[in-house]
Amino acid sequence: MPEERLQKILAKAGIASRRNAEELIRQGKVTVDGKVVTEMGCRVDPDTQSITFEGRPVRLEEEKIYLLLNKPRGYVTTMHDPQGRPIVSSLLTGITGRVFPVGRLDFDTEGALILTNDGDFAERILHPRFEIERTYLTTVRGLPSREKIRLLEEGLELEGKKTWPAKVSIIAKEAATTTLEITIHEGRKRQVRNMFQAIDHRVLTLKRIAYGGLRLGALPTGKYRHLTPADLALIFS
Ligand code: URA
């Protein structure tokens with residue numbers, strides 16, 4: 001096998017997405033031929049050189065796993081939590097391979113979370129360049145006016161950077177709250193909550209219901225299923 005960049009090899013081996021692999025390299029968790037490598041762009045031949053991650057050998061020929069989990073509220077999407085809160089990996093009973101979440105959902109957000117060991121696939125979902133849409137169902141305090149919804153749709157300034165245009169529709173108007181569907185294709189931290197905060201409507205509940213054309217459907221809370229090739233195609237449709 002020809003030489004490849006170390007972060008690409010780690011992504012292919014299912015350690016993390018390419019971007020996250022860069023962070024793991026920076027943190028000194030990766031060795032090549034027994035030496036810790038922290039600089040980016042190091043080219044390695046996985047056939048002739050030995051690579052380790054956190055002390056364990058990195059192998060390339062892992063079977064690919066693609067899961068869709070309906071994350072409950074009150075779980076963190078990291079695979080370890082220093083504060084000891086419930087972690088999504090504890091819901092993956094029966095999965096023996098290592099998988100990592102594609103992006104994140106807040107502790108209080110529920111719904112669709114894809115987990116995989118395919119770093120290239122994760123990158124295709126996460127990178128804004130590929131514009132994979134993520135759709136959320138949210139209940140917010142009050143009734144957002146047309147003008148405020150237009151601000152969400154056109155993009156508004158969050159931490160000095162404008163959000164990409166969003167699709168927004170009102171699903172139901174309740175006495176003191178409104179339920180809306182919002183579709184975005186960025187994954188900034190707490191983005192939906194912060195977008196509604198910016199128009200003065202607090203998010204009360206938030207659930208991701210779709211990645212691209214792949215909908216969460218009737219998958220029960222806390223349960224997961226394996227994604228089929230047809231499901232994977234739906235994400236990019
Ligand atoms: N936007 C948020 O605010 N939180 C999430 O968990 C996902 C999107």
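Keep in mind it's a predicted model, so treat the numbers as computed, not measured. Both ligands and their constituent atoms are indexed starting at 1 by order of listing.
Taking all atoms of both residues into account, the shortest heavy-atom contact from Val32 to Gln49 is CG1-NE2, 3.8 Å.
With a 6.0 Å cutoff to the six-membered ring centre and a 45° limit on the axis angle, Arg85 does not count as a cation-pi contact of Tyr75. By the 6.0 Å and 45° rule, Arg202 does not stack over the aromatic ring of Phe196.
The shortest N/O to N/O separation between Arg193 and ligand 1 falls below 3.5 Å.
Protein heavy atom nearest atom 6 (O) of ligand 1, with residue, atom name and distance: Asp106 N, 2.7 Å. Shortest contact from atom 1 (N) of ligand 1 to any protein heavy atom: Val192 N, 3.1 Å.
Remark: ligand 1 atoms within the under-4.0 Å shell around heavy atoms of Thr109 are 4 (N), 5 (C), 6 (O). Of all the atoms in ligand 1, the ones that sit under 4.0 Å from a non-hydrogen atom of Tyr136 are 7 (C), 8 (C). Counting atoms of ligand 1 from 1 in the listed order, those under 4.0 Å from a heavy atom of Gln191 are 1 (N), 2 (C), 3 (O).
Contacts of Val203 with ligand 1, taken as heavy-atom pairs under 4.0 Å, are absent altogether.
The pair Arg19-Glu123 meets the salt-bridge criterion, since a charged nitrogen lies less than 4.0 angstrom from a carboxylate oxygen.
In this structure, the ring of Phe121 has its center less than 6.0 angstrom from the ring center of Tyr66.
Looking at heavy atoms from C-beta onward, Leu92 lies in side-chain contact with Val99 at the 4.5 angstrom threshold.
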